[in-house]
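Chain letters run A, B, ... following the sequence lines, proteins first and then strands; every chain starts at 1.
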Amino acid sequence: MIFVAVGHAQPFDRLVGHMDRLSLKLDEPVVQQVGRSAGPVHCEGFDYAASLGPYYDQARLVVVHAGVGITLELLKMNKPIILVPRQQKFGEHFDDHQIETAEKFNATCGLEYILDIEDLTIDMLKNYSYIAAYKEDSLRMFRENIGLILHA
Amino acid sequence: MDESHEIKDPASPVTLLLAATTGGHLTEGLGLFEGLGDTRLVVFSEQTTRTEGMGNVYTYGRTGRGTAKTIFCAFCKALFVIRKEKPRWVVTTGAECGLGAILAAKVLRRRTIFVETACRYRSRSKTARILYPLVDVFLVQHAESLKLFGKKARYIGGLFG
């Protein structure tokens, strides 16, 4: 199963619609958490769930907007992830910070990200299996140092 | 610095009030500060289905993102929370909730920390630009971000990198 998650804040019709169309050509199910986005029509979808954990567990591949929280959660679960950052020019967010997030995850973990939605192809979805490693060094460093600040 | 409301016993844990708008800001704040040794974490955020299920949390009603009214509501509720919990530090990862809480902390003379979101490394958030001159400790989560701010900014690690 390919799981798509786009959060709740704003619609992400570009990704939801694209994955909906591609689902017709895939030989495995596509399930989409769509938030305020329109559709989907051809595959299973829902607006909101208290926990997305069960969907992550079942998914072979997760295609997700470039939110830090959801990406870190998936990295820790050792799931193959493709990031599709929301872009201001499409009205998907108030600025392009999700592109920065995707660039940073790409640089530090090698996560793949898509800017032009047409680059998210059937072949890519069928064959993608890269599992990026989450490195805790930076977080460990933060927690050691913040302890010194808080207790000073 | 008004220390009159602060916990003085050195054996007591440091109380930390984490103020963050629900969603990514709160996720980042919890990822950074939850479970630290010798600290007691109190959360201040918006009233949502997520925060309803949390322990040790204070919430305020959401009135509309980015509005002065929302910040004012957060400020008023934060005054109450800070007086009641007496945190040594008020910490925020953004956005409107953090603005209101830091302003309240300044009024009540509590020490303050702002942590810029890990989402950014080559741009500055609006909250960061506003709070940079106000907070006692200003942290970024990527070393490259230091060049975006003045000398007060520090990099001590972050959620990933």
Side-chain angles (χ1 to χ4, degrees), chain A residues 6-10 35 47-52 64-76 81 83 85-86 88 93-111 132-152, chain B residues 10 13-16 21-41 48-50 52-53 65-66 87-89 91 93 95 111 113 115-126 136-137 139-145 154-161:
Chain A
V6 305
H8 309 281
Q10 287 132 309
D47 300 341
Y48 169 84
S51 170
L52 297 179
V64 62
H65 77 146
V68 167
I70 195 168
T71 306
L72 286 173
E73 189 176 358
L74 289 163
L75 276 173
K76 290 172 186 173
I81 309 162
L83 297 178
R86 294 170 176 268
Q88 183 184 29
H93 222 316
F94 59 85
D95 68 11
D96 283 330
H97 68 271
Q98 284 209 353
I99 296 178
E100 291 183 51
T101 309
E103 289 170 349
K104 202 66 185 164
F105 274 118
N106 177 263
T108 57
C109 309
L111 277 185
Y134 172 57
K135 297 167 190 162
E136 292 199 343
D137 301 3
S138 181
L139 180 59
R140 196 176 301 118
M141 185 170 96
F142 180 92
R143 290 169 71 87
E144 286 171 6
N145 286 321
I146 198 69
L148 298 175
I149 293 171
L150 296 175
H151 293 279
Chain B
V14 171
T15 298
L16 191 64
T21 304
T22 193
H25 294 288
L26 183 56
T27 301
E28 286 195 40
L30 291 172
L32 293 168
F33 292 98
E34 195 170 38
L36 287 172
D38 294 329
T39 61
R40 184 176 76 90
L41 186 67
T48 63
T49 49
R50 180 185 186 186
E52 278 171 12
R65 293 180 71 83
R88 184 180 294 183
W89 292 94
V91 178
T93 46
R111 282 178 277 189
I113 300 175
V115 186
E116 173 69 311
T117 174
C119 297
R120 299 174 187 274
Y121 73 97
R122 54 179 170 79
S123 69
R124 301 178 298 169
S125 69
K126 282 182 187 171
D136 298 302
V137 178
L139 303 174
V140 295
Q141 296 193 60
H142 303 292
E144 303 97 307
S145 304
R154 295 170 63 184
Y155 169 69
I156 62 166
L159 278 172
F160 69 99

Q: Roughly how far, to the nearest 0.5 Å, is CG of B:L36 from CD of A:E144?
A: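 Going from CD on A:E144 over to CG on B:L36, the span is 11.0 Å.
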Q: So which heavy atom on B:E34 is nearest to which on A:R143, and how close?
A: O-NH2, 2.7 Å
Q: Which value, rounded to the nearest 0.5 Å, describes the distance between B:R154 atom CZ and A:I149 atom CD1?
A: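 Reported to 0.5 Å precision, the distance equals 4.0 Å.
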Q: May I ask you to decide if B:G161's main-chain N or O and A:T108's side chain share a donor-acceptor pair within less than 3.5 Å?
A: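 No, A:T108 side chain to B:G161 backbone: no donor-acceptor pair under 3.5 Å.
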Q: Measuring from atom CZ of B:F160 to atom OG1 of A:T101, what distance do you get when rounded to the nearest 0.5 angstrom?
A: 6.0 Å
Q: Heavy-atom pairs under 4.5 Å with chain A are the metric here; pick the option from B:T27, B:I156, B:V115 that has the most.
A: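 Highest number of heavy-atom pairs under 4.5 Å: B:I156.
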Q: Check the pair B:T117 / A:E100 against side chain to side chain contact (heavy atoms under 4.5 Å, CB included), numbers first and verdict last.
A: CA-CA 11 Å; B:T117 174; A:E100 291 183 51; over 6 Å; no
Q: Please walk me through it: do A:D95 and B:R120 pass side chain to side chain contact (heavy atoms under 4.5 Å, CB included)?
A: CA-CA 11 Å; A:D95 68 11; B:R120 299 174 187 274; 2.7 Å; yes
Q: Looking only at heavy atoms and a cut-off of under 4.5 Å, which of B:E28, B:H142, B:Q141, B:R50 has the most pairs with chain A?
A: B:H142
Q: Of B:T15, B:V137, B:T39, which is the lone residue that meets side-chain contact (heavy atoms from CB on, under 4.5 Å) with A:L150?
A: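 Of all the options given, the one that passes is B:T39.
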Q: Would you compute the distance between atom NZ of A:K104 and atom CZ of B:R122 and round it to the nearest 0.5 angstrom?
A: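 Nearest 0.5 Å value for the NZ-CZ distance: 11.0 Å.
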Q: Does a side-chain heavy-atom distance below 4.5 Å link A:L72 with B:L159?
A: yes
Q: Pick one of side chain, backbone, both or neither for B:L16, based on which atoms fall under 4.5 Å of a heavy atom in chain A.
A: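 The side chain, not the backbone.
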Q: Report the option among A:H8, A:E136, A:E103, A:E73 that has the most heavy-atom pairs separated by less than 4.5 Å from atoms of chain B.
A: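 The option with the most such pairs is A:E103.
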Q: Only pairs of heavy atoms separated by less than 4.5 Å count here; which of B:A118, B:G157, B:G24 has the most with chain A?
A: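 Of B:A118, B:G157, B:G24, B:G157 has the most heavy-atom pairs under 4.5 Å with chain A.
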Q: Using the ring of each side chain (for Trp, its six-membered ring), is A:F142 parallel, tilted or perpendicular to B:F33, with breaks at 30° and 60°?
A: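 Because their plane-to-plane angle is over 60°, the rings of A:F142 and B:F33 count as perpendicular.
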Q: Please give me the minimum heavy-atom distance between A:Y48 and B:T49, naming the atom from each residue.
A: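 Nearest heavy atoms, A:Y48 then B:T49: OH-OG1, 3.2 Å.
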Q: What closest approach, in Å, do A:S138 and B:G158 show between heavy atoms, and which atom pair accounts for it?
A: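 Shortest heavy-atom contact: OG-N, 2.9 Å.
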